[in-house]
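First up is the structure itself, then whatever we jot down about it.
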Number of protein chains: 4
Amino acid sequence: MTQHKALPARRAPSSVKSEQRIKDILAVAREVFSERGYSSATTIEMARRLGVSEATVFTYFAGKRDLCVRVICDWYDEIIAEIEATLPHVTGTRAKLFFLIRTHLYRLMIDGPGLCALILSEGRAKDDTFGSEILQLQRRYTAPLMQVMADGVAAGDIRGDMPLSLLRSSIYGPMEHVLWDAISKKTVDIEETSNRLAQLLWQGLQPPNPNAAALEQLQRDMAAALRLYDQTSSSKK
Amino acid sequence: MTQHKALPARRAPSSVKSEQRIKDILAVAREVFSERGYSSATTIEMARRLGVSEATVFTYFAGKRDLCVRVICDWYDEIIAEIEATLPHVTGTRAKLFFLIRTHLYRLMIDGPGLCALILSEGRAKDDTFGSEILQLQRRYTAPLMQVMADGVAAGDIRGDMPLSLLRSSIYGPMEHVLWDAISKKTVDIEETSNRLAQLLWQGLQPPNPNAAALEQLQRDMAAALRLYDQTSSSKK
Amino acid sequence: MTQHKALPARRAPSSVKSEQRIKDILAVAREVFSERGYSSATTIEMARRLGVSEATVFTYFAGKRDLCVRVICDWYDEIIAEIEATLPHVTGTRAKLFFLIRTHLYRLMIDGPGLCALILSEGRAKDDTFGSEILQLQRRYTAPLMQVMADGVAAGDIRGDMPLSLLRSSIYGPMEHVLWDAISKKTVDIEETSNRLAQLLWQGLQPPNPNAAALEQLQRDMAAALRLYDQTSSSKK
Amino acid sequence: MTQHKALPARRAPSSVKSEQRIKDILAVAREVFSERGYSSATTIEMARRLGVSEATVFTYFAGKRDLCVRVICDWYDEIIAEIEATLPHVTGTRAKLFFLIRTHLYRLMIDGPGLCALILSEGRAKDDTFGSEILQLQRRYTAPLMQVMADGVAAGDIRGDMPLSLLRSSIYGPMEHVLWDAISKKTVDIEETSNRLAQLLWQGLQPPNPNAAALEQLQRDMAAALRLYDQTSSSKK
DNA sequence: CATGAATGAGAGTTCATTCAT
DNA sequence: TATGAATGAACTCTCATTCAT
């Protein structure tokens, strides 16, 4: 787990009750930031939903920005933990990829487009207010996918004629897009959607021209067969 | 071109000078909205960049929202015009797709990720303050791609086993993502990147080839036959 | 007619066209001030109704305040002219009073409650921005009524046991009040209303206890009659 | 007492200190609205007079409009409470009317003409932003007077040949007018003024006395009789 | 003479943040 | 520890007024 600098305004979060309060605040903050985006989210709304005063929020967090950083970090922590716990038990490039795609999509769906937008927009703000911490988490989050792809390329399961970063984009990109479509509809079959998406992407990621490769192999096999036949028939002579 | 209701606060934008002012304001507004997002963008910053007073901005636009709507609409107008002018002269599913991808990516690169985020986030706000006008433009913008894909499916050039909306997402999605990567680097070869992306997507969009599967099976059969022949001929020796 | 200082911003209103423009502006200004009150009235609305630019208004008037002063003054001028022209031809305290009441009510009804409120509220603003000119007009406007009442008191037609200012208030006061009631109804019969109001007020203004006066007179008459009868009958003895 | 929906911007006005603040703000707001009217009154002036920041005002009230509504409602509440508490203990049409007139005039004098104008102008704005609540209060406020008059008409104490609304106007109307006169003078004897006004109005409200007319006729007859008797007796001489 | 264009000076309102209790 | 209370700073938006053309 990432160790946050925590930035408490004036207290050490030691007691059990304090820990719970922090969790409550973070949960509500995640909600509000998701629904409104960073700028439009207000501390008073969070306080009201929590049933506490605004000042209480500031007792536990140094400010709105810090609160938002924590929300984003926690989100990454959760999904990273999930992936790092399960991925090692999945075998095969294809299966690993399918797993990563499904996990990512699940998260996005559950946490909603708001949080997704928050992480995308605010996480990459020009002014580095959200700092390098989040950048680091982003890298840690995408690392497993990058590894899987690198291994896949080495094993010949994935095309090696393109930069990994482009492959990564073509995996994460569609998912966010699918999400926007999803919110207009009532229900979305995540399992089905992620499966289809995975199939589509997998096919795109394949080394190009499998037909040609198969044909070349067939040619080689035929040539070998012909040679063998030649030898057999000539030995009969 | 979309005909805007214009909504000027007090003035009829008739003269040449007026038109220029409006263009200047829109250009700066596009910048600021791009960099800061809707909520964090301020009218005073726009005014300062223009070297005029805030009041001047409100002389030409009814308010911040209207200004933003105009920025988004103008963006759509530009790219839609570009596509509708050129696409008809491109032939072939693959070529059309490559053209659309390159055009889209170009636009995104030129206008930057901020505007992209603005259009995505604010254009889809649940409280449709930005109204149906933008929704309409969105549909008009994606319509050509959808048509190309529908035709491609009908012609057997594109796989028909997935909803068009998913295909659309897997095209538009990566591009936005690629963009985020792009801004960290100094230079990006758009031509190369869009070409690679197009290749990747094109391959993913191909109908899963039954011929290739048959060939692979044939190959396996041949190999088995060879092995058998091997064994047979060697046991005869 | 009151001679206004006119306060033109930078021009002398000499030509015929100019005079017309001034009249047009004043007419529209009266409308707008009536509908919105001084503070809420805007110069741009006046300009728009006139179909000219805001600047034009300021070509003819030094500012909003001056415009408003002129509107109020003109209103007084009109009604004063009306009264001073007709009142001399009316004879009898009662008839004069009825005439004044009807004229006042007519004016109020025609010009609407807005203008009435404007004249009442703004004409008496704490900060004497509207100056002494209006105060003078107010005095000139009420002067005829005051004169009629003073004469009436002298002639015994009107009670003399109360200050004239109180009598004046009890005449002008109800009319403004009636006006407020009037605007909620569709139509008001001004003739009937002013008649009734005049009757009511006239009765209140009568010297008190006409019954007692009549009785006293009767008593005197009876005493005289008795005395005469006495003389007659005693002369028969 | 009217129960207000209160509409505090952010705080629940529970504690003693809060209640006091609210009262202070309302008192100052009443002052400022009175002096300047709704449009010209500014929140910053209120804040300055209170010695607090503008934000504090908005902490307790949702906005300028709400503040004004509260000011007007509170005014009505006060006077309505006063009337409803005392009127039942007054007997006789004349005494009731005198009491109502004195109470109304007292209120107007204490609160000044500004508040009066505010209530008249803003309370009857066509765009009923101030809503039905005030209209209701207005009705509740005038109800006792209307009842007294209706009873008076039934009992023959008050003339029944005119609409009640006209009678009401002729009572409330003069009072507001008297007020305007009052502010120019240093001191006003409210007791005396209200007594005189009440006398005047009472006389106006009396049923036109047919007895008096009959008496007058009788007097004329007697005079004629006397004249005849005069001529007769002198001619006999 | 009329006006297009611009603006300074505010207005109401919001909100993250502080601090004594 | 929690909060009632207060606020500075900022924001969007309005409008009477000026002035070169």
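Both backbone and side-chain heavy atoms feed into the values below; hydrogens, waters and symmetry mates do not. Letters go in sequence order (proteins before strands), and every chain restarts at 1.
Remark: A:Y60 is not in phosphate contact with F:dT1, judged by side-chain N or O atoms under 4.0 Å from OP1 or OP2. Here B:T43 reaches the OP1 or OP2 of F:dT12: one of its side-chain N or O atoms lies under 4.0 Å away. Under 4.0 angstrom from either OP1 or OP2 of E:dA5 there lies at least one side-chain N or O belonging to B:S18.
Using a 4.0 Å cut-off between charged nitrogen and carboxylate oxygen, C:E45 and C:R36 count as a salt-bridge pair. Ion pairing between a basic and an acidic side chain is recognised when a charged N comes within 4.0 Å of a carboxylate O; D:E54 and D:K64 show no such pairing.
What you find for A:F33 and A:A41 is that their closest heavy atoms are CD2-CB, 3.6 Å.
Heavy-atom distances to DNA chain E give each of B:R21 and D:E54 a nearest nucleotide, and the one nearer the 5′ end belongs to B:R21. When each of B:S39 and C:S40 is assigned the nucleotide of DNA chain F bearing its nearest heavy atom, the one mapping closer to the 5' terminus is B:S39. Both D:A55 and C:A55 sit near DNA chain E, but only C:A55 has its closest nucleotide nearer the 5' end. Comparing D:V52 and C:A41 along DNA chain F, the residue whose closest nucleotide (by nearest heavy atom) sits nearer the 5' end is D:V52.
Atom CZ in A:R65 sits roughly 15 Å away from atom C1' in E:dT17 (whole-Å rounding). Distance CE (A:M46) to C1' (F:dT3): 18 Å, rounded to an integer number of Å. Taking atom CG of A:D66 as the reference point, atom P of E:dA16 lies 13 Å away to the nearest angstrom. Rounded to an integer number of Å, the gap from D:F61 CZ to E:dT14 C1' is 18 Å. Note: CZ (B:R36) to P (F:dA10) measures 14 Å, nearest angstrom. We find that CZ of A:F58 is positioned 15 Å from C1' of F:dA5, with the value rounded to whole Å. Between the CZ atom of B:R48 and the C1' atom of E:dA6 there is a distance of 18 Å, given to the nearest Å. Taking atom CD1 of D:I44 as the reference point, atom P of E:dA9 lies 15 Å away to the nearest angstrom.
Note on A:T56: a base of the nucleic acid sits closer than 4.0 angstrom, heavy atoms only. Residue contacts for D:A47: at a heavy-atom cut-off of 4.0 Å it reaches no nucleic acid atom on any strand shown.
In a base pair of the Watson-Crick type (N1 to N3 plus N6-O4 or O6-N4) or a G-U wobble (N1-O2 and O6-N3), with each distance short of 3.5 Å, E:dA9 is matched with F:dT14. Here E:dA20 sits opposite F:dT3 as a Watson-Crick or G-U wobble pair (both hydrogen-bonding atom distances under 3.5 Å).
Residues A:E31 and A:L115 have side chains not in contact (no heavy-atom distance under 4.5 Å, counting atoms from C-beta outward). The side-chain heavy atoms of B:F61 and B:I22, taken from C-beta on, include a pair separated by under 4.5 Å.
Of the candidate nucleotides E:dT7, F:dT3, E:dT17, E:dT17 has the atom nearest to the side chain of A:K64.
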